Every structure is written in C-alpha cells, then in structure tokens.
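Just below is one structure, and these are the notes that go with it.
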Amino acid sequence: MDDLYREIIIEHYKNPSHRGKLDPHDISFADNNPLCGDHIQIDLRVGTDGLITDARFDGHGCAISQASADLLIESIIGKPLEEVKKLNKESILEMLGIDLGPVRLKCALLSLKVLKAGVYGLGEASDDLVE
Amino acid sequence: MDDLYREIIIEHYKNPSHRGKLDPHDISFADNNPLCGDHIQIDLRVGTDGLITDARFDGHGCAISQASADLLIESIIGKPLEEVKKLNKESILEMLGIDLGPVRLKCALLSLKVLKAGVYGLGEASDDLVE
Amino acid sequence: MTLDVEQIRKDFPILERETRPGVRVTYLDSTATSQKPVQVIEAMNDYYRRSNANIHRGVHTLAEEATSMYEGAREKIAKFINAASSREVIYTRNTTESINLVAYAWARAKLKTGDLVILTEMEHHSNLVPWHMLQMERGIELDFIPVTEEGLLDLETYKSLLDRRPKLISFTHMSNVLGTVNPAAEIIRLGHDAGAVVLVDGAQSVPHLKVDVQALDADFYAFSAHKMCGPTGIGVLYGKSTLLESMPPFLGGGDMIKEVKLRSFRPNTLPHKFEAGTPAIAEAVGFGVAVDYLSAVGMERIAAHEHEIIEYALDRLEEIPGVKLFGPSADKKGGVAAFTLEGVHPHDVAQILDRDGIAVRAGHHCAQPLHEKFGIPATSRASFYLYNTMQEVDLLVNGIYKVKEMFG
Amino acid sequence: MTLDVEQIRKDFPILERETRPGVRVTYLDSTATSQKPVQVIEAMNDYYRRSNANIHRGVHTLAEEATSMYEGAREKIAKFINAASSREVIYTRNTTESINLVAYAWARAKLKTGDLVILTEMEHHSNLVPWHMLQMERGIELDFIPVTEEGLLDLETYKSLLDRRPKLISFTHMSNVLGTVNPAAEIIRLGHDAGAVVLVDGAQSVPHLKVDVQALDADFYAFSAHKMCGPTGIGVLYGKSTLLESMPPFLGGGDMIKEVKLRSFRPNTLPHKFEAGTPAIAEAVGFGVAVDYLSAVGMERIAAHEHEIIEYALDRLEEIPGVKLFGPSADKKGGVAAFTLEGVHPHDVAQILDRDGIAVRAGHHCAQPLHEKFGIPATSRASFYLYNTMQEVDLLVNGIYKVKEMFG
Ligand SMILES: Cc1ncc(COP(=O)(O)O)c(C=O)c1O
Ligand SMILES: Cc1ncc(COP(=O)(O)O)c(C=O)c1O
C-alpha cells in the first residue's frame with residue numbers, strides 16, 4: 001500500500017500489452033475524465049457464445065488510468081460478457097494492488113466505467129456504474 | 001459603569017419631568033426603533049433669538065430610551081438651537097453616566113436622533129446624525 | 001435513563017465563564033445559538049493543526065484527508081436526519097441560505113406570476129423575506145396559516161388555503177418564539193395531497209428533536225449547525241434528490257462544475273452542484289462531530305430533558321405577578337419561554353438579568369409579524385438545551401423578581 | 001529587512017506534520033488554501049470557549065462581546081485593504097460567493113440582453129460560471145481579454161473591446177495558475193473611461209500583495225480568508241458604498257432587514273443589508289486575527305520573500321530536462337509555478353511527490369479554459385507563501401528528478 005506506484009503500474013503504463021483499436025468490433029465506447037483529461041476508448045469483440053474474444057483500449061492520461069485499463073482488458077479477454085457487469089471498484093483496486101484517495105480513484109475507475117457503459121449499451125457513462 | 005441601571009435612569013423613567021406635548025410648537029419630530037418598538041416624539045418651542053424656550057418628549061419604550069429622552073430635553077431648554085447640532089453620542093452617555101453595548105446604544109440615542117432630525121428639518125432620521 | 005447534566009456541562013467550557021468577577025454565566029439563549037462542546041472545538045482545532053488543505057481536487061495526503069473528513073461529516077449528517085443518501089445533503093452557510101437556495105434555484109425556475117406560496121404567521125424572517133423578494137420580483141402570491149391565541153397553527157384555515165392549489169408550503173417545524181412544535185408530518189401530507197412542494201424550516205427542530213426527513217416526507221429541510229452544538233458558518237439544505245436534480249445550479253464557480261469552457265459549463269452531480277467555491281471545510285468537520293455528540297447523548301433523551309425543564313420553567317414563571325407567557329403549554333412545545341413583564345421593557349429585563357450573568361434574549365427574535373400579531377413589539381426569551389438545569393430556572397425566576405423590585 | 005522564516009514557521013503547527021512516519025510535510029499548495037498560524041486557530045478556539053453568542057440583537061454580555069468582535073474584525077479588514085469605510089466590507093463565504101453576489105444583486109438588476117461583460121482567458125471558474133449563468137438567463141454577451149503565450153493579458157485587444165461599451169469588466173488581479181500579476185489599476189482606469197463598472201477577483205492578490213482598493217479605484221473587490229492565513233467559511237466582497245446602496249439585497253432573512261411585516265420588509269443599511277442569517281462569527285474573529293498577523297509581518301516583506309523564492313524556484317525548475325513552465329518571468333508574477341513534465345501526467349507527478357511529503361496540486365486548478373488555451377488538460381503547481389523556504393524548493397526539485405527516474 002505504501003508503494004503507490006508499484007512496478008506493475010509503471011510497467012503496464014510504459015509497456016501496455018493491449019493498447020490499440022479493434023476494427024471490426026462488436027462494442028465500442030469512449031469517455032474522459034474532464035478533471036484531468038484522461039481519455040479511454042475500449043473496443044470489444046464478442047463471440048456468439050457471449051464470450052469476449054478480443055479487446056483493446058486506447059487513450060491517454062495518467063499512469064493509473066492507463067495501467068488499470070491495460071490490466072482490466074487483460075482480465076476480461078475470454079470471459080463471458082455477463083461477468084463484466086459484476087466488476088466493481090474492488091475488482092480494479094485488487095488488480096492494481098494499491099489503495100487510492102478519492103481523486104485518483106476516478107482515474108483508476110475510468111476504464112471500468114467506459115467498459116460497463118459499452119456493455120450495457122448506455123448513452124452516457126455514469127459514476128454509479130462503478131460504485 | 002457596573003450599575004447599569006443607575007438610580008438616575010430608573011428615576012427619570014418612572015418620573016419624567018418633561019414628558020408631554022407642546023401645542024403650538026415650532027419643531028416636532030418623531031421616530032421609532034423598529035428593533036424594540038421604542039418610540040419618541042419631541043416638540044420644541046424656539047424664541048426669536050434662537051434659544052429653545054420649551055421642549056417636551058412623548059413616547060414609550062425601555063427605561064434607557066425614555067430616561068435619556070427626559071435627560072436630553074432637560075439639558076437643552078434655554079440653550080441655543082445651534083448647540084443641539086453639536087450634541088453626539090458622548091453627550092448622551094455622559095448624561096446617563098453609563099457604558100452601553102451596541103444594542104442598547106440605539107435605545108439611548110433614539111431621542112437625540114429624533115431631536116437632530118427635527119432641528120435639521122430632515123425627512124427621515126438617520127443613524128449618521130448621532131455618530 | 002435521564003441525562004447526566006453535570007457530566008454534560010463539563011463538556012462545555014463556556015459554562016464556566018464569569019461575565020463579571022464572581023458571576024458565572026447562566027446561558028439561556030440556545031435558541032439564538034447553542035454553545036459548543038469541547039469535542040467540537042477540538043476537532044476544528046485539530047483539523048487546522050494537522051489536516052488543513054483544500055478539498056476535492058487535491059492528490060496530496062492533506063488534501064485527501066481534508067476531503068474525506070469533509071465528506072465523512074456529510075455522511076454523518078445524512079444519517080442523523082435519516083436522508084436516503086448523503087447526495088441529498090447540501091452544505092450552506094445557515095438555515096437562511098438554505099431557504100434562499102430554494103427560493104432562487106427551485107422557486108425562480110418553477111413559479112410564475114400568481115402562483116401561491118403558503119407560509120405561516122409564526123415564521124422567522126428567514127422564511128419570510130426570501131418570499132417577499134420573490135413576490136416583488138415575480139408577482140407570486142403569499143398567504144399565511146394563522147396562529148391561534150394559544151400559539152398553534154390553525155390547520156382548518158390551512159386546509160381551506162389548500163383549495164387554492166399552492167405550489168409551495170414553507171413552514172417552521174418549531175417556533176423560535178412560542179416554542180410550538182408544529183405537526184409537520186400532517187402539514188406535509190396535506191400539502192402533498194394538494195400537489196404542493198413542502199419546505200420545512202428546521203432551524204429549531206433538528207437541534208432539539210429526533211428528525212427523520214424520510215418519515216416526514218419533507219421535500220426540502222433546512223437547518224444550521226450553530227444551533228446544534230456545531231460551529232458558525234455552516235448549515236444544510238436537505239432536498240429529495242429528484243427535486244435537487246431538476247433544479248438549475250444556484251451559485252456558480254469552482255467545485256460545482258463538471259467541465260468549464262470559456263463560454264459554457266456543465267454542472268456537477270449532487271451534492272457538489274450546489275456547493276460553489278471553497279466550502280466551510282473546518283466547519284463541516286466540526287458539524288460532523290456535533291452530530292456525533294448529540295447522537296451519543298441521544299436526541300430522545302435531550303428532548304425529554306428539555307421537556308422537564310420547560311415544564312418547570314413555565315410553572316415557575318407563571319407564578320410571577322406581571323409575567324405573561326406566550327405560546328402553548330409545555331406538552332406542545334420545546335424548551336422556549338417567551339414572556340413579557342408588566343411595566344418593564346424586555347430590553348431592560350434582559351439587561352438587568354445580565355448583571356447576574358443570566359443571558360436571555362430580548363427583542364422580536366426575527367419574528368416581527370408574530371409579535372405584531374400579539375400586539376407587542378418585543379418579548380424576553382429564555383431557552384433551554386441539554387446543558388441547562390433546574391437550578392438555572394430558579395436563577396432566572398429570582399432574577400425576574402429583582403427586576404420587578406427595581407422597577408416596582 | 002527580510003523575513004525570519006524560521007520564526008514564522010513556528011507559528012504554523014501543521015508544518016511539523018508528518019504525512020507518513022518520518023516524512024514531514026513540505027506544503028507547496030498555498031494557492032489552493034494557506035495554512036493558519038496558531039494565533040488564528042487560538043482566537044477561534046478562545047471565541048468558542050469564552051464569548052460565543054449570536055450577534056447584533058443580543059443585550060447580554062456574551063452577545064455584546066461576540067458582536068463587537070465580529071464588527072471589530074470588519075474594521076481591521078477594511079483597514080487592511082484601505083476601504084473608505086467598514087460599511088463597504090460585506091462578509092460572504094468565499095470569493096466565489098462574493099462574485100455571485102455581484103452577479104445576482106448588481107448584474108441582474110442592471111444588465112439587459114445584449115449588454116457586454118468583459119472577462120479574461122485566465123479566469124478561475126468562479127469568475128466564469130456566474131457569468132455563463134447570467135448569459136443563459138439574460139442573454140448578456142461575454143468577451144475575453146486574451147492571454148499571450150508569455151501568460152500576460154493582451155491589453156491592446158482589451159482597449160479595442162472597450163469600444164463596444166461594456167457594462168462590466170471582471171478580471172483576476174493575480175492568476176492562480178500563471179502567477180501573473182495583472183496591471184489592475186490600468187485595467188480599472190481604462191474600464192472606467194469606457195463607462196464600465198469593474199469587479200476584481202482578488203483571491204490571490206490580497207493574500208500576497210499590498211492591496212489598496214481606493215488607490216486601485218476598484219468598484220468591487222472579492223477575496224477569501226482561507227487563502228490568507230484565515231479560516232475557511234468566510235470571505236469578503238468589498239464594494240463602493242454608492243454601488244452597494246444602489247443594489248437590491250441578495251439573500252433575505254434575519255439581520256439584513258430593518259423591519260419586517262407579514263407581506264413586506266425594509267432592508268437594513270450597509271453592510272448588514274447583504275448579510276442574511278447568522279453569519280460566520282467565529283470565522284470573522286479568526287479572519288481579523290489573520291489580518292493582524294499579516295500586517296505585523298508586513299505585506300511588502302511577504303511579497304519580497306515570495307519573490308525571492310519564485311525567482312529561485314523558476315531557475316531551478318527550468319534546469320530540469322522535460323520540465324515546461326507556464327506563465328511569465330519572476331518579475332511579473334507572484335509565487336506560483338505551474339509546470340508539466342514530459343511523459344508524466346501531472347497527477348502522477350503530484351502523487352509521487354506526495355510520497356516524500358511534498359504537497360503540490362495537479363489538475364486544471366479551476367482554470368480549464370486557460371489550460372485549453374495552452375493545449376494541455378492539466379499542470380502540476382507548486383505555490384509559495386510566507387512560511388516557505390529555499391530548501392523546500394530544493395526538495396521539490398529533487399522530488400521531480402525522482403519522478404523522472406521512475407518513469408525514465
Ligand atoms: C483567482 C481565484 N479566484 C477565485 C478563487 C475562488 O476562491 P474560493 O474557492 O475561496 O471561493 C480562487 C481560489 O482557488 C482563485 O485562485
Ligand atoms: C425558526 C428559525 N428559522 C430560521 C432561523 C435562521 O437561522 P440562521 O440564522 O442560522 O440562518 C432561526 C434562527 O434564529 C430560527 O429560529
């Protein structure tokens with residue numbers, strides 16, 4: 001908890017394994033955090049069995065927003081779309097392995113918010129999605 | 001200073017020597033303190049030499065407002081009208097012989113405010129008159 | 001179990017204050033503002049010595065601490081009044097600003113010329129003047145639930161006023177002069193049946209009674225920290241989230257926005273939408289601790305204690321020749337005793353009592369129309385809170401006898 | 001004579017705070033809110049322990065004490081900014097409310113559709129959103145004095161904007177991001193020549209520079225206590241008395257009235273006309289002591305000290321590869337250094353610095369349009385006040401090198 005910038009974050013920020021776009025895709029959604037300018041877009045391909053066959057994120061922003069997007073994408077590939085709906089704040093904090101204050105929490109949760117808004121097919125991403 | 005209700009105040013409140021009205025009069029003015037409902041009217045007769053020949057006050061309110069009106073009237077009879085213009089907060093506090101907080105000061109100064117507004121021939125009595 | 005008042009008094013350092021040598025204060029003016037327990041004072045002291053920072057946008061440790069203290073207090077306050085969510089608790093400066101917020105952001109957006117707003121004859125100026133201003137500006141209509149001789153609201157007249165389809169009912173839960181505790185739930189239910197929105201001035205109720213905004217079904221509920229053991233400079237507007245969300249913002253500036261362009265902005269979500277600029281952070285921290293304090297003592301026990309005192313006080317005051325009491329009997333009111341003493345102006349009463357350290361208020365108590373109704377310009381008012389004792393009632397009564405003697 | 005910073009630091013207990021074991025805070029976020037000297041903290045503590053009461057209408061000793069402390073602080077503040085009279089000093093919650101007061105009570109009464117209000121591109125959201133709201137509501141027009149690459153106001157464009165006969169100019173005396181100290185006297189004079197009223201956002205200037213509202217000839221001047229060693233929850237709107245007198249009231253309620261009837265009211269005289277309800281009394285007391293404190297240290301000496309620090313800080317920061325500074329050179333600005341570090345987001349910079357106890361702010365600092373102008377979403381910002389030292393600048397610089405290493 002002390003080492004807020006655990007190597008895993010810096011590593012995923014500097015060398016993301018799932019950065020990019022998918023074309024064609026089944027689901028795509030983007031949003032930003034106006035407070036700090038973080039931007040995340042997520043593209044998904046979903047199989048007929050409801051499994052996520054491939055996923056990518058694109059965007060820019062702080063290490064926490066970008067690393068958590070990369071970690072999130074890594075964790076959902078091959079999983080049923082339905083399972084995404086169950087992900088929440090705790091899921092992300094567990095992946096990052098750190099504790100965050102309220103401001104940085106928004107950075108960490110941006111990618112999950114974008115992902116869920118896309119999966120639910122919403123017009124706008126709301127903070128309620130990641131409570 | 002400790003004995004806020006010096007006998008002089010209670011005495012002048014209970015047995016005022018100049019309560020009443022003057023008819024005819026040369027100057028008459030009335031005002032009230034909406035905060036506590038104190039009301040004071042003052043009537044003056046002025047000689048051709050500019051001396052105040054007679055004066056009365058009427059009204060109702062707290063002991064301080066009524067006693068200071070009585071003391072004020074007592075002090076101006078026989079004086080030149082011009083001298084009234086020089087009276088101020090200190091003059092009244094001296095007559096009362098006590099120190100007053102901001103709220104009660106308003107009570108004490110009501111009669112002077114009424115007197116000066118009358119002497120200056122103003123339409124409305126303002127707090128600036130008794131600074 | 002009753003209150004251990006002697007123990008409680010130890011928490012309030014000011015009660016040891018001597019207003020002149022050898023004369024300890026007898027504070028009977030809690031309706032104007034309450035005293036603060038050392039817990040509240042120390043929490044703010046500590047905040048400034050350890051955690052002070054600006055909130056919300058800060059990443060550093062102090063900013064995060066300050067933010068979570070500020071928001072933590074909001075959670076406590078929401079629980080204290082049983083709001084459905086802390087998003088419904090808007091920090092303001094005081095009850096007055098809370099009511100003005102409704103007048104500016106809700107009423108100006110929703111009310112048209114000729115729309116009726118119902119108030120009562122026992123309102124504090126803070127629940128009159130905002131509506132006078134709107135009447136002048138917008139031509140709304142005002143009508144008033146009358147106050148009976150006994151000091152109660154005339155609910156029959158209220159019911160007939162409701163036939164005129166008011167848009168808003170705004171009334172005080174408890175009168176700061178008469179002490180009357182109004183039947184808020186019933187007034188709200190009747191108002192809702194007539195299709196009106198209902199705002200409750202809770203400045204006197206939240207400090208003294210257990211208030212449950214959901215059980216009452218209030219649409220808006222306003223109160224001040226300084227009357228309930230908290231600091232000056234902070235109050236609350238509770239509002240149902242659906243209503244608050246439907247309103248335009250009130251003050252514009254930092255924190256109440258989601259995004260700002262040179263020529264436009266998007267408002268923030270609740271509750272921040274209504275909190276512009278750096279808020280009263282230390283005060284929120286103190287307010288949270290005040291609410292903890294009151295909860296630990298127990299609102300029911302506080303109400304019961306005040307009931308005991310006011311019963312005794314009314315009995316004793318009634319015995320004094322020349323004293324006239326205003327307001328209903330003890331079973332229908334909180335710990336407020338407003339009275340006149342024949343032949344002595346209330347200001348003189350208060351000032352002479354002050355010589356013995358007894359602090360009562362004298363004047364119209366920001367309820368001039370109510371005083372006018374009773375045909376008097378002013379009253380003296382003694383009011384009681386959790387730290388007051390029966391002995392203090394005796395001191396008051398003895399003091400009044402002294403006044404009578406001086407003016408006798 | 002220069003400041004004895006080590007002596008001053010002893011007055012600020014929070015500077016001893018360890019944000020993690022063994023790591024003392026290096027507070028470089030005074031532009032967001034300043035820390036408070038023990039004198040201010042203790043004055044409020046004392047107020048609550050000895051004198052707390054509601055003001056103005058009280059006759060008893062505590063009420064009189066509280067009233068004279070509250071009004072005494074107003075006198076001090078009036079002197080501090082050289083107002084002609086304390087009647088021109090209106091207590092508000094903060095700069096934001098002060099500006100909104102002008103937008104509601106002055107602008108809504110005086111401005112019509114099509115009337116022009118001139119702002120600048122470097123304004124804080126608090127001096128943008130109130131005017132956005134008025135634009136939506138009333139159809140006023142807004143235009144902006146541009147900011148040059150260097151971070152200065154483009155006065156030539158300002159002059160040409162004045163040909164359009166604006167009704168109001170509202171601008172910040174000192175930018176909270178660039179640090180730019182704008183030529184306020186000149187902007188005001190030109191505005192007056194064009195027949196406009198001029199409002200100055202003094203949130204950053206009053207804490208750091210000697211401000212004389214009469215010499216500036218400002219019509220309105222807004223500032224916050226919390227940025228100048230005072231408590232949260234209180235600010236000031238200074239206004240020329242003729243202007244304030246010509247305005248309708250803003251919030252309605254207790255204290256701002258002379259008389260209230262059931263259906264009408266008469267407003268009070270200045271300054272009370274604009275102070276509705278129980279004000280931030282303890283906070284006013286603390287504010288008065290803050291002003292005493294700053295005066296005793298001396299505003300010129302504070303400004304000189306900050307100048308020395310910012311000169312050194314800009315020099316040192318400039319040396320760091322990848323650091324880009326925003327705003328003019330040290331001679332044209334106050335103690336604010338906003339910067340970006342290539343390849344690292346400002347939030348990450350701030351958070352990594354925080355591990356060493358260094359508190360800087362990261363974000364748009366409530367000046368989103370200004371950041372947009374410079375093509376960046378956010379900056380990191382270190383800001384300095386009377387208690388900061390050269391060594392703290394070194395700590396910051398070392399910290400930034402560490403960040404670079406981590407992200408290298
Ligand atoms: C230039 C400027 N204007 C206005 C404000 C708003 O001040 P407050 O949040 O105290 O209302 C600030 C403070 O951040 C500021 O720096
Ligand atoms: C019934 C009632 N309403 C409103 C108020 C105004 O409260 P504040 O002055 O804290 O805004 C008071 C306090 O005097 C009150 O007693």
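It should be emphasised that the depicted structure is a prediction, and the values quoted were computed from it without experimental measurement. Residue numbers start from 1 in every chain, and the chains themselves are labelled A, B, ... in the order their sequence lines are given, proteins ahead of strands. Heavy-atom basis, side chains included; hydrogens, waters and symmetry copies ignored.
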For chain D, which of [options] has the most heavy-atom pairs under 4.5 Å?
options	value
C/Lys261, C/Lys227, C/Gln135	C/Lys261
C/Pro13, C/Pro267, C/Ala362	C/Pro13
C/Ala103, C/Ala350, C/Gly254	C/Gly254
C/Glu97, C/Glu123, C/Glu283	C/Glu283

Could you state the interatomic distance from NZ (D/Lys373) to CG (C/Leu262), rounded to the nearest 0.5 Å?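 Rounded to the nearest 0.5 Å, the NZ-CG separation comes to 9.0 Å.
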Could you check whether any side-chain heavy atom of [X] comes within less than 4.5 Å of a side-chain heavy atom of [Y], counting everything from C-beta outward?
X	Y	value
D/Leu128	C/Phe265	no
C/Ile14	D/Tyr48	no
D/Glu259	C/Gln368	yes
D/His60	C/Val360	no
D/Met256	C/Val129	yes

Checking [X] against chain D: side chain, backbone, both or neither under 4.5 Å from a heavy atom?
X	result
C/Val38	side chain
C/Leu142	both
C/Asp29	side chain
C/Tyr27	side chain
C/Arg263	both

Measure distances from [X] to the heavy atoms of chain C and classify the residue's part below 4.5 Å as side chain, backbone, both or neither.
X	value
D/Arg17	side chain
D/Ile55	backbone
D/Pro279	backbone
D/Val40	neither
D/Asn45	both
D/Asn52	both
D/Asp143	both
D/Ile257	side chain
D/Leu62	side chain
D/Glu65	side chain
D/Glu372	side chain
D/Ile41	side chain
D/Thr95	neither

Report yes or no: does [X] contribute a side-chain atom to a donor-acceptor pair with the main-chain N or O of [Y] at less than 3.5 Å?
X	Y	answer
D/Tyr104	C/Leu251	no
C/Asn54	D/Ala32	yes
D/His132	C/Gly252	no

May I ask you to name which of [options] has the most heavy-atom pairs under 4.5 Å with chain C?
options	answer
D/Asn127, D/Thr61, D/Leu353	D/Thr61
D/Thr232, D/Thr19, D/Thr96, D/Leu119	D/Thr232
D/Ala280, D/Ser264, D/Ala282	D/Ser264
D/Ala63, D/Ala367, D/Cys366, D/Ser30	D/Cys366
D/Val260, D/Asp354, D/Ile234, D/Asn94	D/Val260
D/Thr33, D/Val25, D/Asp255, D/Ile358	D/Thr33

For the residue pair D/His226 / C/Thr278, report whether a side-chain donor-acceptor contact shorter than 3.5 Å exists.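 Indeed, the side chains of C/Thr278 and D/His226 share at least one donor-acceptor pair under 3.5 Å.
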Decide, yes or no, whether a salt bridge links C/Glu42 with D/Arg49 under the criterion of side-chain N to carboxylate O below 4.0 Å.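 Yes, charged N to carboxylate O under 4.0 Å.
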Can you see which heavy atom on C/His347 is nearest to which on D/Val59, and at what distance?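 Minimum heavy-atom contact is CD2-CG2, 3.7 Å.
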